[in-house]
Amino acid sequence: MALILKNAHVVDPSVELDGVVDVLIEGDKIARVAENIEVEGAEVRDLSGKYLVPGLVDMHVHLREPGFEHKEDIASGTRAAVKGGFTGVCAMPNTNPVADNGVVISYMIARAAEVGKCRVYPSGAMSKGLKGEIISEMGDMVARGAVAFTDDGRGIQEAGMMRRVMDYGKMFGKVFMSHCQDESLVGAGQVNEGVVSTRLGLLGWPAQGEELQIARDIMMCELTGCPLHIQHISTAVGLDMVRAAKEKGLPVTCEVTPHHLFLSEDDIDSTYNTSLKVNPPLRTQEDREALIEGVKDGSIDAIVTDHAPHAEWEKAHEFEYAPFGMTGLETSLALVLTNLVKPGVIGYSEMVELMAIAPREILGLEPVKIAEGSVADITVFDPTVAWTVNDDEFVSKSKNSGFIGFELEGRATDVFVGGVATLENGEIVE
């Protein structure tokens, strides 16, 4: 049956669309975009007052399956994604077993087809077992559906190995996403090295531990010609390195998380809230402001969550022993709307670029447009909905958000994946 989405404010800079129109969906495709569409027998949804955009994609998510289903699994993680307004997520490979071969990639895709509420795009490990020693089975993984490569969670430690990985892997035409962390410098660091680490008596994680590998991997990109994407960038200096690489014409992109944009080390206090323990750590207020400027001026290509769920008992440890990471899928869109769009730092078009268009471009996915013939992956949100972040409302298995209690404005109301509603009026369609 045909479906008409009426009276939404449609924003899609890829087709220079910014205004109130109707969208007709037939099957899994958009059949027409125009004013006052009428089709006999069609289902009609009135979306007056809401915004309709190409389906959001989070290109950095930990779904934890296989192996860590007590934290999250593909069913719960994709439900959280849809609740947050996403039509697709790129899953990281640090599972158990590690996604370093085609069998694990095939399992993730098959499992997502069986229980997923949104599209799942698996990334494969660069090295076997994420050990940074032997190149993974890249060709097999690409043949099975891997969209990118990363040793996220650890990162390749040796420059020579990073060169071999990129030299070999570039034949597959995939982006290499780098978790930048020099373990010999970072050691057992817990929070950003500086005033806060000193005050709280926690081991410091110096900014240079990230920046050294950003510089190294940009050089490897220049040496090999392999596309490079810097994951969860957190420092002003690191961002300047990416700017310089882009000015040289290198195929370098980068991403930032809401927690690095909207939180800083100053938010970590004597309560030792382990939900604020993330990798890379929350940096200084100056770094945070520099990252926002990077979003504003276009130096940062994508906003991602680095959704990293952990069981409550794991995060209940002392700060030193708790695992790194926080959840983010269910709060990301609202945080961006509240802190970037509403104050005028960026517009809706820029938000769509950062959260829908650029992630697909970087991952080499098929573009999604609000235009005739495009696949109907669509996100609808109400920018006026005021709500308070409450972990009791999370559909993720894990509650380790650093934004509990935050008052936000704007929330996803409807999500369509291939023309099928997976979120309707704010509720997941079962």
Side-chain angles (χ1 to χ4, degrees), residues 153-155 179-215 230-241 255-295 300 304-328 331-332 335 338-340 388-391 398-408:
R154 184 154 183 245
H179 173 113
C180 294
Q181 176 179 345
D182 187 319
E183 293 178 355
S184 66
L185 181 57
V186 171
Q190 303 291 305
V191 298
N192 184 56
E193 185 174 297
V195 174
V196 173
S197 64
T198 302
R199 185 178 73 242
L200 297 179
L202 294 169
L203 290 174
W205 197 127
Q208 289 82 357
E210 178 180 354
E211 294 156 359
L212 277 171
Q213 284 206 354
I214 292 175
I230 303 298
Q231 295 180 297
H232 42 47
I233 199 162
S234 72
T235 79
V237 172
L239 181 56
D240 283 340
M241 292 177 186
E255 67 185 34
V256 70
T257 71
H259 51 269
H260 289 114
L261 286 172
F262 309 130
L263 298 171
S264 74
E265 62 175 357
D266 297 330
D267 291 292
I268 307 172
D269 57 24
S270 58
T271 63
Y272 293 90
N273 180 0
T274 58
S275 289
L276 299 178
K277 181 180 178 181
V278 291
N279 184 347
L282 301 178
R283 301 293 187 186
T284 66
Q285 180 71 8
E286 292 74 20
D287 285 317
R288 188 184 76 80
E289 291 171 356
L291 295 175
I292 289 177
E293 187 60 33
V295 169
I300 290 174
V304 306
T305 64
D306 191 8
H307 177 78
H310 293 290
E312 184 177 358
W313 62 265
E314 292 172 312
K315 277 292 193 176
H317 283 98
E318 296 91 336
F319 200 97
E320 180 180 357
Y321 299 110
F324 290 94
M326 72 166 70
T327 60
T331 54
S332 178
L335 285 163
T338 302
N339 296 291
L340 295 179
T388 302
V389 181
N390 182 344
D391 60 0
S398 298
K399 315 299 183 183
N400 53 301
S401 167
F403 294 101
I404 302 298
F406 275 54
E407 295 182 357
L408 304 178

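Values in this document were obtained by computation on a predicted structure and should not be read as measured data. FYI, side chains are in, hydrogens and waters are out, and symmetry mates aren't considered; it's all heavy atoms of this structure.
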Atom pair [atom1]/[atom2] of [X] and [Y] - distance to nearest 0.5 Å:
X	Y	atom1	atom2	value
I292	D287	CD1	CG	11.5 Å
L263	S275	CG	OG	10.5 Å
L276	I268	CG	CD1	5.5 Å
N339	F262	CG	CZ	4.5 Å
I230	L239	CD1	CG	11.0 Å
T257	L282	OG1	CG	8.0 Å

Looking at [X] and [Y], what are the two nearest heavy atoms and their distance?
X	Y	answer
P258	S332	CG-OG, 3.7 Å
V295	L340	CG1-CD1, 4.1 Å
D306	H259	CB-CE1, 4.5 Å
K277	K315	O-NZ, 3.2 Å
I233	V256	O-CG2, 3.7 Å

Residues in side-chain contact (heavy atoms from CB on, under 4.5 Å) contact with [X], at least two apart in sequence or another chain:
X	value
D269	T271
A290	A236
L212	D182, L185

Which residue in the set H260, E210, E265 passes side chain to side chain donor-acceptor pair (under 3.5 Å) when paired with R283? E210
I would like to know whether Q181 and R154 meet side chain to side chain contact (heavy atoms under 4.5 Å, CB included); could you show each step before the answer? CA-CA 7 Å; Q181 176 179 345; R154 184 154 183 245; over 6 Å; no
Cut-off 3.5 Å, no hydrogens considered: what does the side-chain donor-acceptor table look like for residues 317-328, sequence neighbours left out?
| residue | atom | partner | partner atom | Å |
| --- | --- | --- | --- | --- |
| H317 | ND1 | W313 | O | 3.4 |
| H317 | ND1 | E314 | O | 2.9 |

Is it the case that more than 12 heavy atoms not belonging to E312 sit under 6.0 Å from its CD atom? no
Would a 4.5 Å heavy-atom cut-off, applied to side chains only, mark [X] and [Y] as touching?
X	Y	value
Q213	H179	no
T274	N400	no
V304	H232	no

Contacts of type ring pair (Phe, Tyr, Trp, His ring centres under 6.0 Å), residue F403, not counting sequence neighbours: F406
Donor-acceptor pairs under 3.5 angstrom involving side-chain atoms of residues 194-208: please list them, not counting sequence neighbours.
| residue | atom | partner | partner atom | Å |
| --- | --- | --- | --- | --- |
| S197 | OG | G194 | N | 2.9 |
| S197 | OG | G194 | O | 2.9 |
| T198 | OG1 | G194 | O | 2.9 |

